[in-house]
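Below is one structure, written out as structure tokens; comments come after it.
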Amino acid sequence: MTATAIGRKTGGRLPAAFDYALAALAALGLVLAFRMPISPTPEVIHDPDTWIRLVRLRQEIQQGMPLDAVAGGNLGGPLVLHWSHLLEAVMAVAVLPLQYVLGLDRALITVGAMVGPLSIAGVAAAATWAMDPLVATQRTAIRIAMLTATTPILVNYGLFGSGTHHVALVAMLVLTSGQALRVVMAPRRDVALGLGLVIALAVWLSFEAMIFAGFAFGGVMVAMAVSYQSALIVTDQSEASGAGAPLRALGSAPHGARSPSRPYQPAMNQDHGGLVSHYSARRLALADALAVAALTATAAMLAVLAIDPPDGGWTVPRIDRLALPHVCVMAALAVIGIVLKLALVRKTPPIRIAGVLAVTVLVTSGIWFSCFHASIGTPLAVLTADSPDNIWRGVSELAPITRPLRLLGYLGPCLVGMVAFAVLSRKHLGGTRPNGLAAVAWLYAPACGLVLLGAAAIRIRFAPYASAVGIAGMAWLLAVALERPDADRRIWPMAVITTATVLLATTLPLAAVLTDISLAPGDPTRKPCGGAAAARLLDRITAMPSGADDSPLGLTHVNDVPELLFRVPGLRTVGALYHRNVDGLSVFQQLWNGPIAGASAALRAHRVAFILACPAEDPKAARPPQEALPTSLGAALDAGAPPAGVEAASPYQGANQPMLFSVE
């Protein structure tokens with residue numbers, strides 16, 4: 001069975017854009033139906049990253065310029081955030097007019113709360129577009145929307161009240177994959193240019209998109225390696241006659257699919273008459289497309305650096321956001337594409353091409369590492385420190401997935417999608433001749449899914465990327481099973497198993513997500529204190545002894561700092577949980593998790609004037625004599641046993657309610 005009936009049926013249909021919009025609206029409606037209050041309030045924001053992004057955006061609007069840091073988050077000084085300004089710029093477009101109706105703070109909360117649902121809608125639209133050459137129909141758009149809006153890990157990051165970039169980055173992964181698919185199907189320069197622009201935009205959103213860029217360029221190179229040479233040559237007769245017969249790319253798209261109108265025809269000099277019978281025009285076109293895409297991404301990234309440089313300027317190498325190291329990676333990929341193209345034009349034997357390619361990769365990698373190895377060291381040293389008290393060990397999204405229910409819910413769809421790609425590509429993309437597309441989908445797409453699957457198992461924050469593989473693979477499988485009455489009957493059992501797996505893998509984890517959106521039981525991360533009540537308590541700090549600066553320095557748990565910085569403008573705290581905050585995190589560790597003996601002296605040494613904690617017991621309540629006292633300051637405060645020199649500055653309001661302590 002080939003792909004001849006798998007593509008879009010265009011007769012009498014609305015334009016394809018309506019299908020993409022339909023998928024987006026359906027996914028958005030489903031997500032908002034899960035949890036959306038009638039009137040947005042600060043309590044709907046449930047993620048520290050959303051709070052700190054809103055803090056920076058508010059300061060940017062107030063000062064009328066982009067900022068790399070937020071005030072008061074690092075030992076009372078500026079806290080540098082590694083995020084680019086792309087997402088905030090998009091949010092500002094909605095916040096600026098809304099502030100005249102709702103006020104600035106309420107407009108920020110409203111827009112920030114909608115980032116997650118709108119990002120899920122973007123994933124649905126992007127997946128419908130990416131699968132368009134293979135399966136896209138109106139019914140498939142609805143299926144993709146339902147799969148997207150019920151994928152537990154996407155909902156976890158994308159419910160109303162989340163304003164992070166994680167789900168938006170999944171949409172960029174899908175767009176990159178869809179554009180790479182189009183390059184493989186029809187390697188034209190305009191299609192390759194689109195791939196380069198999408199990659200640059202994705203990396204601007206987050207440096208993690210370099211993984212997607214590697215997948216995309218790797219897919220083009222795999223297609224180049226497996227493309228067959230027969231029927232893809234310029235004949236000796238056409239070259240000898242000077243007619244310059246156009247090169248033909250075999251199997252540029254499945255019959256009936258929505259694809260570029262014609263394959264790219266690389267410009268060739270008539271002097272290259274030796275390019276006959278041994279070298280594939282398709283391979284040459286793919287090499288040319290690889291070079292064009294990488295050159296486009298390089299130029300676009302340089303343009304981004306000019307308008308949105310990292311802190312310190314565009315020449316400062318950073319590895320945790322778009323900066324020179326990423327531009328140089330793209331430039332190296334462009335060099336590889338150019339080398340491959342020249343090798344094909346010069347009729348280089350395949351074994352020699354492999355050698356030249358290996359040397360090029362080694363040389364470019366060596367140059368890159370010698371220039372930028374120092375920029376890798378600092379983030380890795382902070383995030384991977386092998387210490388029992390390393391604070392990053394307690395961050396839930398950096399922990400491995402160990403609970404069986406989460407393994408099933410977060411990784412099950414990806415596994416099903418990988419199997420679907422492997423099975424269906426052999427049967428529905430082969431065409432009458434091998435063209436490389438089937439091999440890419442059969443071997444390479446599941447391999448990329450396996451990488452994402454492994455990354456997600458190690459770090460839960462990568463699970464949203466793996467979910468994209470599941471959405472695409474299951475949508476393809478269901479389309480073949482439900483829309484092809486003459487489909488291979490062996491597809492039906494797989495479709496039934498897929499449906500059962502999806503229901504089992506989504507229903508229970510999704511219910512857990514909706515009942516407790518912040519954290520599931522057993523996570524080693526502390527839930528935040530009541531933000532509104534804590535903000536009311538912090539209004540008292542102006543009457544407390546001043547530190548080295550105009551306002552006193554406060555100590556509270558790093559998870560609570562972003563929300564408090566938003567609710568209490570001008571607040572100065574020890575530190576928040578961001579890896580650029582090395583000094584503040586170090587002091588937080590020393591004080592909060594340090595020994596209770598000598599805690600008062602350490603607090604005074606760092607000029608800490610007040611502490612905000614959430615005690616579970618009344619500090620004045622008598623403790624049983626046989627009960628051992630906590631050994632760290634944070635545990636002592638949570639247990640209602642402040643050390644000498646730390647006094648209650650507000651009454652006890654009940655277990656797990658914020659309480660203010662002053663440092664004598």
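The pair Arg321-Glu208 does not count as a salt bridge, with every side-chain nitrogen at least 4.0 angstrom from each carboxylate oxygen.
No donor-acceptor pair closer than 3.5 Å links the side chain of Ser162 to the backbone N or O of Gly158. With hydrogens and angles ignored, the 3.5 Å screen pairs no side-chain donor or acceptor of Thr164 with any backbone N or O of Thr50. In terms of modelled atom types and a separation under 3.5 Å, the side chain of Trp129 and the main chain of Leu175 share no donor-acceptor contact. Side chain of Glu60 to backbone of Leu67: a donor-acceptor contact under 3.5 angstrom is found. No donor-acceptor distance shorter than 3.5 angstrom exists from the side chain of Gln179 to the backbone of Val198, with no hydrogens or angles considered. Distance alone, capped at 3.5 Å, is enough to place a donor-acceptor pair between the Arg283 side chain and the Met224 backbone. Remark: the backbone N or O of Ala576 is paired with a side-chain donor or acceptor of Asn581 at under 3.5 angstrom. At distances below 3.5 Å, at least one donor-acceptor pair connects side-chain atoms of Arg182 with backbone N or O atoms of Gly178. The closest donor-acceptor contact from the side chain of Ser370 to the backbone of Ile367 lies under 3.5 Å.
Heavy atoms from other residues, nucleotides or ligands lying under 6.0 Å from CE of Met146 number 12 at most.
Taking the six-membered ring where the residue is Trp, Tyr157 and His166 present tilted rings, their angle falling between 30° and 60°.
Asn74 and Tyr578 are not linked by any side-chain donor-acceptor pair at a separation below 3.5 angstrom, with hydrogens and angles left out of the test. Asp132 and Tyr20 share a donor-acceptor pair across their side chains, judged by distance under 3.5 Å alone.
Between Phe212 and Tyr465, the distance from one ring center to the other falls under 6.0 angstrom.
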